[in-house]
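Heads up, the thing below is written out as structure tokens.
Numbers here are sequence positions counted from 1.
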Amino acid sequence: MEELHSVDSIKGKFSIYQSSLTCIIRHFLKAMVKRSAWVTGPPPMNPSKRYVNPGTEEQMSIEGYKKNRWKLAIAYLLYILTGGLLRLVFYWLPHWLLKFTHDKCFLHQADSVLLQDQYLQWFVSRVVITTKDGTRVKIVKTSASLIFRPKQRDRELENMSRYKETTETYENSCNYSSNDDSLVKYFMVKKVKYVWNTEKSDFLKLKGLDENMCSFFHESQGLSYTDQIKRRVVYGTNSIAIHVSPIMVLLFKEALSPFYVFQAFSVSVWFSDEYEIYAACIIVISVGSLAMTIYQIRKAQRALRNTIQSSTIVTVCKGEEKYEDIPSEDLVPGDVIEIPRRGCFMQCDAVLVTGNCIVNESMLTGESVPVTKTPLPNPKLQTNDGSKDIKFDIKEHARHTLFCGTHVIQTRYYGTQKVKAVVVRTGFYTAKGELVKSILFPKPVDFKFERDTYKFVGVLAMIACLGFIYTVIMEIRNGKTAGQMILRCLDLITITVPPALPAALAVGIVFAQHRLKQLKIYCISPKAINVCGSINAVCFDKTGTLTEDGLMMKCVVQAENNQFQEDEDAMLLRNGPLVYNMATCHSLTIIDKNLSGDPLDLIMFEAIGWDLEEPGQEECRFDMMVPTVVFPSPKHHPGSNNVQIGVVRQFTFTSSLQRMSVIVRNLIDDHFELYCKGAPEMIASLCNPQSVPEDFQSKLSSYTQHGYRVIAMGWKPLSSKMNFVKVQRVQREQVERDLTFLGFLVMENKLKPETTAVIQELKEADIRTIMVTGDNMLTALSVARECGMVNKPDHIIMVECFMNSGLAEESQPAMEFVYAEDRNKPVEEISTDLDMKIQIEEVGGEMFHFAVTGKSFSILRQHFPDTLSKIVVRGTVFARMSPDQKAQLVEILQQIGYYVAMCGDGANDCGALKMAHSGISLSEAEASVASPFTSKTPNITCVPNLIKQGRAALVTSFGIFKYMACYSLTQFTSVCILYWIGINLTDFEFLYVDLFLLASLSITFGRTDAYPELSKDPPAFSLTSLLPITSIVLHMIIQVTVQIFSFVHVRQQPWFTPHVPNEDDEYASYENSAVFYVSTYQFMTLAVTFAKGSPYRRSMFNNYWFLANLVICLGVTLWITIYPPPAILDFIELKPPPVITYRLLYVGVAGVNFLLCVLLETYFIDNIYTRRKLHAMAEKILPGWSSEYSTIEHEMKTSPDWPPPISRECSRTNGYLRMDSLPESETAELLLDTESGSETSLNKSSSSLKKCFKGDNFSSKTNDNIKESNKLVLRIESNSDDDVALLDS
């Protein structure tokens, strides 16, 4: 920022260097942006520093410090000499205290560590050393004669200045040896323990057992008492403890905040100056504010504790099938626990090894949909020698993991077998603990308005220093004593920096919070309300947010003989594989005599009119186990009693595989069958190509492009040699192949009625709307067009990234752009021998939007970070996005200058809700408790309402701040003028202004409601921009001019008598009255001037409290000015002019002052031309003033080659045919009839790919372009009117 200020200071003096300076500063700002690019990923590491959690989002720099007794003694001495002020500063800045009293040292020597996270927050932690049984060890320094110092020690001391610690360990000058295995050395930060690792000579984050091999959990037999105790020392108690601070602790913490410390200072000065009444009022207000703050903090802490903390009795296996009941707090990783058959609330993260569980994961997902958890597969059972094993991954194996905080509703077990799980994580290391940590240690809200308030207060403090010097000079000139001089100087400081400023700013937020509550929007972070006023981009989840939660059955499209049949009603389908698939391939279960499960599964099952039973333990109809049995309902299908199907094995749905399947057996059959359903592209890739209709893609696109949810189904009979034991052990990859394609299940996900109108309202206000969803790309595109995010004339361009192996040994990232639809657009396609360039021209007000999948987003973020910022500026649809990617997208938008709101309804949105400037949850689940806002109205109408209220609150805070700043400077001017003649305002004059005028007007000022419409121009949110600074400066010129005029003019009147100094400090005089009268009107004038209405707030005439307050203040002030009673004059110590006409002159001067201020603010400051002119001036003086996204948007509009040239070597423009939903590990295979040379339309949505041929029937020209390699490499070549596309296979 010093470079920026230097440019500002030399402006106009060295114009010849202006262009070069501009260039330098632009380069500087770009460098700053690059340095901050780590926001989109792990922070960059400084080679000279040490880090914990390197390369992750939790990365923190770490430094070791060792206590220095001499420095500590000096610190205590300075505490005494400064009267405790230095200790107070160290309390505010604990990292300063550590550096002041400690010496920097190697980590293994440290007794304290200093950490800094990616948000530049400091944390100080003490290093603790304990024995393995938990006994703390005190380090005792030994005699110097007994210390052994090897040469390695001396070499390290020589390299101390470089701070490069070697990895070798050695015994230091203490009795504790860093390689002593009997001791544990650790520190805690953000509820996480970091333990010293002797081998790596570093502190490592404590982890559970979630990085073991899968077979480890099946081999676990439980822990002995000794092992439990040792692990409890390391992992601590299994509880997510939310500490409710005692009242006295909170009282001291709040009272020692800078705001209350300055108020205490101000009150002390006022009492010393015998200004007792106002000081007493401030004390009462401060005590009330403290009490309310403490009450709210404790209430929030208690609510969080009551929500989070829980405890129960758990049955633990002690080995050899011995079980014991223990408190859940005593659980440690490695314990084998029994899941009760009646269900329970999980108190830890555990891997299920035997039995099934029906779990409600609403705490994590926000949806009360029962989920079936199955045992973790044991890979060693799949090989004869048991050599095969897989590493456990808690995300990949989530379907086998019971997460802390989730509710196990029922268990499923075989005979007398127990349902057992192995504990992998406890306490704050669990999924629930991570959520609580994100609440306790949220990302700091970095809002420019809040930062600017501190800067502006600093400017006021600098003005106070100038006033301090002026006061000293005046007091010396007037012959005042040292005590009087100090008192006057300190009093001037309390005038210039108003102690009531934070309280005044809080009032507007309190009113806004109350209005939001009336709109059924509840806020747990009031500071975020002002931020909502700056929102210029809103990200929406799709399902449950833009669209309805529930689905409706549209139709069933059956495939027979390699052809699609006509659409049919599911209830009218005849029995066969398709109906059996719909009846069995789901995770439904009966809970409390009600059928429960995924809404999609419920709709599918109910559509065919079948019944489901879960027979009791005594019914063993199918071999040894008790299956779920389904059969046609006699009500809907009379005469079908002979059909009964049992589900004997279920392969649960996983997002990475995009499918689920079941192994079943019909009562009348002697073999098992497999039914599978999932993403259409995935199922097609698993099916026998001969069973997939040729028009598969076109049929699928015809539904997805209209926003329908399409599920594909497949089936195959298993070998008669497959018995029950083999069925239970077989891996899904062994049976989920060579399926027969059965058809499509088409469901409709309707838009919520309010969605389109809200999106249109936001777009008319120039607020970006972005869809970020985990759903299919084509469905998301359809919804985007239907709700109006993408206008009908606009283009959608898909950005497809892939790792292009080609002929090279290592895969190379590649990127290309394809149209999502065939459209008559002026697209210039230039063909060369090497590539094809696409130039997109926007005509007729049309524009293009980018659409990106999660897979492409990941490659863009990793390999094309510069391009990603451009994609994000025009990106409207982001599909197949994981929860982490949603949060990353929000972070990237923030990085390029957007103020982002996120609106979602589930835990998959939770990360983005917390990351956004304003997260709005439509769900009341625990997973959304970290979101600042929760709407009780389950639709997106809350978004414009929140932005309107946020804008009103921001404008109110802006107005109050300007009002308080001008009030302070106006009163500062009054006091400085009166100091010129050695007098001041009287105590009751101060009281009249501070209590009667200022306090009442600033409170009622914020009651004005939000304007009912959203304006295109967002409100200003920077106090340091030219517009507010210009406003305050011009207004203060008017106030100062009026006061000086009144002061000088009254001294020229024939009846004027000068003030005579007296020992009683009586300040009643004509000068005092002149300054007091005009200043009181000025305070009311400023309140009216800054109480702005349209387009962000309603007119002040709708604020009846403020209007009534203003009338009362004006009436009383006119009364005191024109015809004051003698008792009032004596009480206030006023000496009005003896002539009534001159008193009316004050009213006239006040009227002129009012007109000047209102005209200035309305027709100059609020003028659009003025705003644009000042913005252009700021951009000229200070390059980089505009937001980065505006610069990118301008570059994209003016660049003739954007999107960039597209290489068509190994082209993959048919990536959406090849399944945007496929995981990276799997590849789709497309087979066409090569003998007939038939044409197949591959991707009707691509304007650059129209026809595809495969086989020996290529044209000779095309064959000449094919390079020899181990795989067929194909590319696009523009040839007359037709494009020939060859896919890699």
Checklist line | side-chain contact (heavy atoms from CB on, under 4.5 Å) involving D1130 - partner list, sequence neighbours excluded | finding: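 side-chain contact (heavy atoms from CB on, under 4.5 Å) check on D1130 returns nothing, list empty.
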
Next item on the list: Mind jotting down which residue pairs meet the side chain to side chain donor-acceptor pair (under 3.5 Å) criterion with at least one end in residues 275-285? Sequence neighbours excluded, please.
Entry: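 Non-adjacent pairs meeting side chain to side chain donor-acceptor pair (under 3.5 Å): Y275-D994.
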
Margin query: Between D1009 and R1097, is the salt bridge (Lys or Arg N to Asp or Glu O under 4.0 Å) condition met? List the steps.
Written below: CA-CA 6 Å; D1009 202 353; R1097 305 200 313 167; over 6 Å; no

Check: Strictly by modelled atom types, are N530 and S957 linked by a side-chain donor-acceptor pair under 3.5 Å?
Finding: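 Yes.
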
Check: Any side-chain donor paired with an acceptor under 3.5 Å for N939 and T941?
Finding: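 Distance-only check passes for N939 and T941.
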
Does [X] reach the main-chain N or O of [Y] with its side chain, forming a donor-acceptor pair under 3.5 Å?
X	Y	result
T1089	T1085	yes
T1162	L1159	no
N1072	N984	yes
S1099	N1102	no
Q1039	M1036	no
S1073	K1135	yes

Next item on the list: For residues Y898 and H917, establish whether the separation of their ring centroids is below 6.0 Å.
Entry: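 They do not qualify: ring centres at least 6.0 Å apart.
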
Notebook entry, point to check: Is the F961 to F456 ring centre distance short of 6.0 Å?
Noted result: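 They qualify: ring centres under 6.0 Å apart.
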
Next item on the list: List the steps and the verdict of salt bridge (Lys or Arg N to Asp or Glu O under 4.0 Å) for E1161 and K962.
Entry: CA-CA 12 Å; E1161 192 72 15; K962 289 168 66 176; 3.2 Å; yes

List, one per line, each side-chain donor-acceptor pair under 3.5 Å for residues 1142-1149, sequence neighbours excluded.
residue : atom : partner : partner atom : Å
Y1142   : OH   : H1049   : ND1          : 2.7
Y1142   : OH   : V1050   : N            : 3.3
R1143   : NE   : P1137   : O            : 2.8
R1143   : NH1  : I1122   : O            : 2.9
R1143   : NH2  : P1137   : O            : 3.0

Note to self: Checking Y1081 against T1121 for the side chain to side chain donor-acceptor pair (under 3.5 Å) test, could you report, in this order, the C-alpha distance in whole Å, the side-chain angles of both residues, the deciding distance, and whether it holds?
What the structure shows: CA-CA 10 Å; Y1081 290 107; T1121 305; 2.9 Å; yes

Next item on the list: Show your reasoning for whether side chain to side chain donor-acceptor pair (under 3.5 Å) applies to T1004 and N1109.
Entry: CA-CA 8 Å; T1004 56; N1109 187 6; 3.0 Å; yes

Item checked: Heavy atoms of other groups near K520 NZ, more than 12 under 6.0 Å ->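 Counting neighbours around NZ of K520, 12 or fewer heavy atoms of other residues, nucleotides or ligands fall under 6.0 Å, so no.
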
Next item on the list: Measure from NZ or CZ of K948 to the centre of the six-membered ring of Y1011, then state whether that distance is under 6.0 Å and the direction lies within 45° of the axis.
Entry: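 So K948 doesn't make the cation-pi contact.
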
